[in-house]
Amino acid sequence: VTSTLEPAELREYNPFADAVMADPHRFYRVLRDNDPVHYVAELDAYAISRFEDVWTVLETGENTFVGSEGTLPPKDVFLHHNDGPVPDPPLSPLLNHAYYSSPIYDDVRRSYSKLMRPRAAADMADMIRRLANERLDVLLPQGEFDLTIDYGGIVSASVVCELMGLPMSDAEAVLTTVNGASLAKKGVGVSTAAAHGDYFSHLLPIVERRRAEGANGDVPTVDGLINFELQTPDGPRPLTDREVATNLLGIFIGGTETVPKVTAHGLWELLDHPAQLAAVRDGLADGTAATAREEIIRYCAPAQWFVRTVRKPVRIGADDYARDVRPGQRVIALIASANRDEREYDDPFEFRWNRPIERMLAFGRGQHFCAGFHVARLEIQILIEEWLKRVPSYEIVADEAVRLPSSFQWGWNHIPVRVG
Ligand code: HEM
C-alpha cells in the first residue's frame, strides 16, 4: 500500500466514492496522518480513522452514539441532514434491534444470543471440525476450487443453519443469498434493506415453523425471539413473524459473509510468508492456529466502517484535532483503518502471524460488539487447523482472485486455489 494521496485530496474522501471503494487503505493512511476527525460535508458525517478515537467513540455509553439511522446506512440516508437528535424508530413494527438505543437494543439482543455465549460456542467445536473435514473430503480430490466460497463459505453458512434450525443442506442457498445481497452498488453502497425479500424467503418459514412447533427453546436463537416480550407504552407484546425474522438478520448476514473472506485471505497471507506458514504448521499441536487467527482477523477483516448518529453534544478526538459534533450528525467509525493504525500496531501493513495484539477493533466495541465473536474465532481457527493438517501444499491463482469494490465488506470474494 502506498500513500500517494496529497493531503489536499482529502476533500475527496467519501466512503462511497469509486476510488475509495476500490482501495480504501491509501485514503485511511492520509486521513489518520492529516485529518483524523474528517468532516464529509455531503454526508454531514465525521470519518474517524485513528484507533484511539474509534475505540473511545464505540465504548462511549449512555446513548451518546446511537444506531437510530442504522449502523450501515446507504448513501441516501446520509444525504438527509438532521437538525437535531434522531429518535429511535417507532416500536411498531419493530425494526432490527441495532436501530434502537438501550434498553430495547440490549433486551432484544439478549433474547437470541444464548448459543453464541462463550461456553455454548465452544461446544460447537466438534461440529465445526466435522463440517470442515466434510468440505475437505469433497474439495481436495477436485484439485482446484474457490477457497473463499467452497471452503469457509459453506462451513460458516452451515453454522448459521445450525444456529437457525435450518437443515445444513440449505447452506449453499444461504451463502448465495447473503453474498449476492451484500454487494455494493456504485456510488450508493450496500443496501441490506433492498435484499429483504431474499432474506425473508429463508427466515420467515423458520419462524413460522418454530412457532407451530411450540418454540420450546430447542432452537434458542429463533425461539428466544418468538418468546420475547417487547415493552411498549401500551404494555408488553410479542413480536410478529416478520419482526422476529428482521432481528435474525444480524446472525444470518454477519455469520455467513465474514469468516470465509477472513480465513481464505489469511491462508493466502501465510502462503506468501513461507517461514510463517512453516511455523504455524509445525506448531499446530501447541495452538499456533489460535495465535495466527488473531493477526489474520486484524489484517484481513473486511468490514470497513459502521455508523453512529450522535444524540448528545460530544467532542471527538485528542485536543490538537478535536471537533465538536452536534446531535443529528453522524460518525463513521473506520474500523478497517483502526486495524492498520501505526499508532497502535508496529508496522501495521506487515503480516506477522504471532504479533502481540493487545487491543483490536475488528469485532467492534461496546454496545454493538460482534455477537458472533466466539463462534467466529472458533470457526476461523478450526478452518485453518484442518486445512494445514490436510493440505501439504497449495497455490493461489492470484490473477483470478476477486476483491470487489465495496463501501462495506472490502474483502476477497473469490480466491481460486490449487492443492497439491
Ligand atoms: C471474523 C468474523 C467477524 C467479524 C470481523 C465481525 C465483525 C463485526 C462487527 C465489527 C460488528 C459491530 C457492528 C457495529 O459496531 O455496528 C459485528 C456485529 C455483529 N456480528 Fe459480527 N463479525 C464476524 C462474524 C460474525 C459471526 C460468525 C456472527 C454470527 C454467528 C456475527 C454476528 C453479529 C451480530 C448478530 C452482530 C450485532 C449487530 C448489531 O448489534 O448491530 N458476526 N460483527
Side-chain angles (χ1 to χ4, degrees), residues 54-55 57-60 65-73 95-102 104-117 120-121 124 128 148 152-153 155-164 174-175 178 182 192 220-221 224-225 246-266 293-309 330-339 360-384 408-411:
V54 176
W55 185 264
V57 162
L58 293 185
E59 78 177 356
T60 304
F65 300 97
V66 291
S68 55
E69 295 180 289
T71 53
L72 194 63
L95 306 183
N96 186 279
H97 63 308
Y99 283 83
Y100 299 88
S101 48
S102 291
I104 290 172
Y105 171 87
D106 314 72
D107 291 346
V108 176
R109 177 160 161 161
R110 205 172 304 115
S111 78
Y112 71 68
S113 297
K114 189 171 169 196
L115 283 182
M116 292 182 286
R117 293 186 189 131
M124 287 192 233
I128 297 169
T148 308
V155 171
S156 61
S158 302
V159 173
V160 166
C161 288
E162 170 70 16
L163 290 171
M164 302 272 182
V174 166
L175 184 65
V178 171
S182 63
T192 42
T221 316
L225 282 162
T246 305
N247 280 283
L248 290 169
L249 281 174
I251 302 176
F252 196 73
I253 302 171
T256 307
E257 69 180 354
T258 311
V259 165
K261 293 190 184 92
V262 171
T263 306
H265 185 183
R293 169 194 70 198
E294 298 302 296
E295 172 70 343
I296 287 174
I297 292 169
R298 180 193 74 85
Y299 199 83
C300 309
Q304 297 299 302
W305 45 263
F306 290 95
V307 169
R308 303 289 185 262
T309 303
R330 296 84 177 205
V331 176
I332 302 174
L334 295 170
I335 58 172
S337 170
N339 285 340
M360 183 150 51
L361 279 164
F363 290 100
R365 177 158 174 76
Q367 187 179 42
H368 293 258
F369 183 75
C370 178
F373 173 73
H374 300 288
V375 179
R377 288 164 78 242
L378 191 64
E379 285 182 47
I380 294 167
Q381 178 186 332
I382 292 174
L383 284 163
I384 288 170
F408 173 41
Q409 288 261 344
W410 190 64

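Keep in mind that this is a model prediction, so the values were computed, not measured. Every heavy atom of this structure was used, including side-chain atoms; hydrogens, water molecules and symmetry mates were not. Both counts, for ligands and for their atoms, begin at 1 and track the order of listing.
Closest heavy-atom contact between His97 and Arg109: CD2-CB, 3.7 Å. Here the closest non-hydrogen pair linking Cys161 and Val174 is SG-CG2, 4.1 Å. In terms of heavy-atom proximity, Trp305 sits nearest to Pro73 at CH2-O, 4.0 Å. Here the closest heavy-atom approach between residue Met360 and residue Trp55 is recorded as O-CZ3, 3.7 Å. Here the closest heavy-atom approach between residue Gly364 and residue Phe369 is recorded as O-CD1, 3.2 Å. Residues Ile335 and Ala362 approach most closely at CD1-O, 3.9 Å, considering heavy atoms.
Listed by number with element, the atoms of ligand 1 under 4.0 angstrom from any heavy atom of Gly364 are 10 (C). Atoms of ligand 1 lying under 4.0 Å from at least one heavy atom of Ala98, given by number and element, are 41 (O). Less than 4.0 angstrom separates some heavy atom of Ile380 from each of these atoms of ligand 1: 1 (C). Interface of Ala376 with ligand 1, defined as ligand atoms under 4.0 Å from a residue heavy atom, comprises 2 (C), 24 (C), 27 (C). Annotation for ligand 1: atoms under 4.0 Å from non-hydrogen atoms of Ile335 are 10 (C). Near Tyr112, meaning under 4.0 Å from one of its heavy atoms, ligand 1 places the atoms 35 (C).
Neither the backbone nor the side chain of Val160 comes within 4.0 Å of ligand 1, counting heavy atoms alone. At a heavy-atom distance under 4.0 Å, no atom of Phe373 approaches ligand 1. Contact annotation: for Leu72 versus ligand 1, there are no heavy atoms closer than 4.0 Å. With a heavy-atom cut-off of 4.0 Å, Phe252 does not touch ligand 1 at all. By the criterion of a heavy-atom distance under 4.0 Å, the side chain of Leu163, and not its backbone, is placed next to ligand 1. Of the heavy atoms in Ala362, only backbone atoms (N, CA, C, O) come closer than 4.0 Å to ligand 1. Contacts between Phe363 and ligand 1, counted as non-hydrogen atom pairs separated by less than 4.0 Å, involve both the backbone and the side chain.
Between the CE atom in Met124 and the CD atom in Glu162 there is a gap of 7.5 Å [rounded to 0.5 Å]. Interatomic distance, Ile251 CD1 to Leu225 CG, rounded to the nearest 0.5 Å: 7.5 Å. Distance CD/Gln381 to CG/Leu383: 10.0 Å, rounded to 0.5 Å. Atom CD1 of Ile296 sits about 12.5 Å away from atom CZ of Arg377, to the nearest 0.5 Å. One finds the OG1 atom of Thr221 at 13.0 Å from the CZ atom of Phe252 (value rounded to the nearest 0.5 Å). Of the inter-residue distances, the one linking Asn247 atom CG with Leu249 atom CG reads 8.0 Å to the nearest 0.5 angstrom.
Distance from atom 25 (C) of ligand 1 to its nearest protein heavy atom, with residue and atom name: Gly254 O, 3.3 Å. Protein heavy atom in closest approach to atom 37 (C) of ligand 1: Arg109 NH1, 4.0 Å. The protein heavy-atom contact nearest to atom 36 (C) of ligand 1 is Ala371 N, 3.7 Å. In this structure, atom 32 (C) of ligand 1 lies nearest to the protein heavy atom Gly372 N, 3.7 Å. Nearest to atom 27 (C) of ligand 1 among the protein's heavy atoms is Gly255 CA, 3.6 Å. Counting protein heavy atoms only, atom 2 (C) of ligand 1 is closest to Thr258 CG2, 3.4 Å. From the protein, the heavy atom lying nearest to atom 41 (O) of ligand 1 is His368 ND1, 2.9 Å. Distance from atom 42 (N) of ligand 1 to its nearest protein heavy atom, with residue and atom name: Cys370 SG, 3.0 Å.
Shown here is Tyr100, whose OH atom has more than 12 heavy atoms of other residues, nucleotides or ligands within 6.0 Å.
Put simply, no part of Ile297 is less than 4.0 Å from ligand 1, judged by heavy atoms. Residue Leu58 places no heavy atom under 4.0 Å from ligand 1.
The distance criterion of under 3.5 Å between nitrogen or oxygen atoms is met by Tyr105 with respect to ligand 1. Any N or O atom pair closer than 3.5 Å counts here, and Arg308 shares at least one such pair with ligand 1.
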request  = Give the C-alpha distance, both sets of side-chain angles, the deciding distance and a yes or no for side-chain contact (heavy atoms from CB on, under 4.5 Å) between Gln367 and Phe65.
outcome  = CA-CA 10 Å; Gln367 187 179 42; Phe65 300 97; over 6 Å; no

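Note on Asp107 versus Arg110: salt bridge recorded, some NZ/NE/NH1/NH2 to OD/OE distance being below 4.0 Å.
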